There are 2 protein chains.
Amino acid sequence: MAATIRDVAQASGVHVSTVSRTFSAPHLVNAETRTRVLAVAEDLGYRPNRAARALTTGRTHNLGLIVADISNPFFPPLIKAAQAHARTRDYHVFVADTDEDPLVEEELIQTLTKQVDGVLLCSPRLSNRAIERLHADVPFVVVNRRVKGMPTVLMDVRYGARLAIDHLTGLGHRRIALLSGPSGSWTSKEMYETAAAAGGVDLVIIGPNAPTEEGGLAVAAEVIASGATGVLAYNDLVAIGLIEGLYERGVQVPADISVVGVDDIVAGRLNRPKLTTVAMPTAAAGRMAVDLLLQSVDDGGAATLATLATSLVVRESTGQARA
Amino acid sequence: MAATIRDVAQASGVHVSTVSRTFSAPHLVNAETRTRVLAVAEDLGYRPNRAARALTTGRTHNLGLIVADISNPFFPPLIKAAQAHARTRDYHVFVADTDEDPLVEEELIQTLTKQVDGVLLCSPRLSNRAIERLHADVPFVVVNRRVKGMPTVLMDVRYGARLAIDHLTGLGHRRIALLSGPSGSWTSKEMYETAAAAGGVDLVIIGPNAPTEEGGLAVAAEVIASGATGVLAYNDLVAIGLIEGLYERGVQVPADISVVGVDDIVAGRLNRPKLTTVAMPTAAAGRMAVDLLLQSVDDGGAATLATLATSLVVRESTGQARA
DNA sequence: GACAATGATGCAACCGCTTGCACTAATGTG
DNA sequence: CACATTAGTGCAAGCGGTTGCATCATTGTC
């Protein structure tokens, strides 16, 4: 159906290899021949078949991007940045969603393996062991998880969590609840360790929770019961859900309880009250991850570790603790 | 590096064709041989190379899914449903984001063409003409747009819009503002035509608008100035943004102005006030689209048109018009 | 017991493209 | 002017699979 390299070769009176070179190594073919071939190709609507090319070169020029949950607004900016950045390098990014399920994640990686040159693993739920095993088959870069010997992009969660807690204590909050995330989450662990290390804080751990509004909504009663006046939520969705749940129970934010989220998603800015949150450089992380991955694909891969800075955005969901 | 079919053939003492059949036509090979081959394959960690297979079969077992904006919460449920459904058919779905840009959309389709068996085009921004032209290269199914001669999945926007407007007029609203969407949007056009056809309504069109919170936020002043007491927004995001904008200007929803959204995204349920909205069957649409696409890939494609029912979900953002 | 049908496997061409090597003609060098 | 370069192109072997056809035992049938 579609024109192949042979059609073009025939129609322009040269050998297929010349056509091939016209596209993949133009400097090797005579300028005149090249323009003629290109004209014919254009005419026939010929486009090189990437899959066939991949067969001989071993490069698909595709990247896989695996996320736990595409409907978590944390990911889209990362995905978009990664896609846009990859496109400038003539790579395409295929996105897949694991539904927070490690098994699906593993299966997805397996099938992706042969179709991409590398995989961006964002906030994986798989164990480090499993990731290391899978790594034999295809280059990875891991985002939001520390895996030894693998290129990694981290956002400085500890620093962000530290800022959040200092902010809360600075407002006079002494009893602080930490709403943790899914059990496989590295971010959640980092937050916990930071909070646990903070002095002068009476820490309550609530969770693990689903990293969604529902997750926050569900623990509102528990938060109230805990007696905490400050809350650091696993992410903005959880924070928003929690605030809604508190509101339904007549608890005011920030008058009664202060809430800090993590991620700085758009919805946080439109929430009422506007959310105080730890901003994550997701777009930068997406671009950086692509860079590291391509580098790793080409050079065989140094296990670079990039840590991106986070910051605290103070809005309206936090305030002075009651006396 | 990785084991190929030839390695397996050699190691199990059969011809490559037998190995091939073991995987793609097991009933053609002796049970005993099959188990032996499978064991060896397992042992060597062999997995059929899908790209190579695609070369001869012409089937990649991949589907492309193109959306205008992955960060619009309308899409993720559709994407997830499509991915999950496709997986049950041994197909994989690759998602790509066009950033609302028709040019990127076209380019994306072009590159996807050879790597997938078909493309799900969701809420395209391309012209019908362009879509029809591209259709020569790869099977499509279009979601949220009516394109002649092409398998199509529609959600009954007219009916939904009709319900919304009847709801508003039923509450005594006479002057109604319609916040339209992006200019290429079919949904927006449908909404407009429905609203225009509704009798006894004083209609104000505001737009086109970006289909985001920002889009709604930006026209709050204009809505107030229009004197409308009821608003039908292009989608929930626009509605939420608008409500926020109205709130900032001291206008109460629904006391002063009633707002209806479209899509029924999760955030609408957590907004304050909770959003009255036209529910769109996005997950069902995703599954249906995959079904139609696979059917079209196999059978060469009947241009089925599936229209999915919509409904109105009344919550708190609408109320009686002031006298 | 002869012959057809059936089941299991091997053979080899092919899918669309890349690439090392060989070849020819033109160019440069002393 | 003979010879070494170099530029441009063709040749053909793959990449990792699939598949129509041929081959060869078996088994079934009368």
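Being a predicted model, the structure only gives us computed values, none of them experimental. Each chain gets a letter, A, B and so on, in the order its sequence line appears, and its residues count up from 1. FYI, side chains are in, hydrogens and waters are out, and symmetry mates aren't considered; it's all heavy atoms of this structure.
Atom CD of Glu132(B) has more than 12 heavy atoms from other residues, nucleotides or ligands within 6.0 Å. Annotation: Glu106(A), atom CD; neighbour count of heavy atoms from other residues, nucleotides and ligands within 6.0 Å is above 12. Enclosure of atom CE in Met155(B) by more than 12 non-hydrogen atoms of other residues, nucleotides or ligands within 6.0 angstrom is indicated.
At a cut-off of 3.5 angstrom, the base of dG7(C) holds no donor-acceptor pair with the side chain of Arg34(B). Between the side chain of Arg53(A) and the base of dG16(C), no donor-acceptor pair under 3.5 Å is found. Within 3.5 Å, no donor on the side chain of Arg21(A) pairs with an acceptor on the base of dG8(D), nor the reverse. The base of dG16(C) has none of its N or O atoms less than 3.5 Å from a complementary donor or acceptor on the side chain of Arg50(A). No hydrogens or angles were tested; on distance alone, nothing pairs the side chain of Arg47(A) with the base of dG16(C) as donor and acceptor under 3.5 Å.
Residue Thr33(B) has a polar side-chain atom (N or O) positioned under 4.0 Å from OP1 or OP2 of dT9(C). Neither OP1 nor OP2 of dT9(C) sits under 4.0 Å from any side-chain N or O of His15(B). Residue Asn49(A) places no side-chain N or O under 4.0 Å from the OP1 or OP2 atom of dG16(C). For Ser17(A), no side-chain nitrogen or oxygen approaches OP1 or OP2 of dG10(D) to under 4.0 Å.
In this structure, Lys114(A) places its NZ atom 7 Å from P of dG17(D), rounding to the nearest Å. His61(B) has its NE2 atom 14 Å from the C1' atom of dG17(D), to the nearest Å. Taking atom CG of residue Asn30(A) and atom P of nucleotide dT6(D), one finds them 18 Å apart after rounding to whole Å. At whole-Å resolution of the value, CG in Asp7(B) and P in dG16(D) are 8 Å apart. Regarding His27(B), its NE2 atom lies at a distance of 10 Å from the P atom of dA8(C), rounded to whole Å. Put simply, CZ on Phe23(A) is 15 Å from P on dT19(C), counting in whole angstrom units. Across the protein-nucleic acid pair, Arg6(B) atom CZ and dT18(D) atom P stand 11 Å apart, rounded to whole Å.
A residue-by-residue look at Thr56(B) and Val16(B) shows that Val16(B) has its nearest nucleotide of DNA chain C further toward the 5' end. Heavy-atom distances to DNA chain C give each of Leu55(B) and Leu28(B) a nearest nucleotide, and the one nearer the 5′ end belongs to Leu28(B).
Nearest heavy-atom pair, Gly149(A) versus Ala303(A), reported as atom, atom and distance to 0.1 Å: C-CB, 3.5 Å. When all heavy atoms are compared, the tightest approach of Pro139(A) to Leu293(A) is O-CD1, 3.9 Å.
A donor atom on one side chain and an acceptor atom on the other are found under 3.5 Å apart for Arg145(A) and Asn128(A).
Contact annotation for Thr18(A): backbone-only contact, meaning every heavy-atom pair under 4.0 Å involves sugar-phosphate atoms and none involves a base. At a threshold of 4.0 angstrom between heavy atoms, the contacts of Tyr46(B) are confined to the sugar-phosphate backbone, with no base atom among them. At a threshold of 4.0 angstrom between heavy atoms, the contacts of Val14(A) are confined to the sugar-phosphate backbone, with no base atom among them.
The side chain of Ile5(A) lies closest to dG16(C), out of dT9(D), dG16(C), dG10(C).
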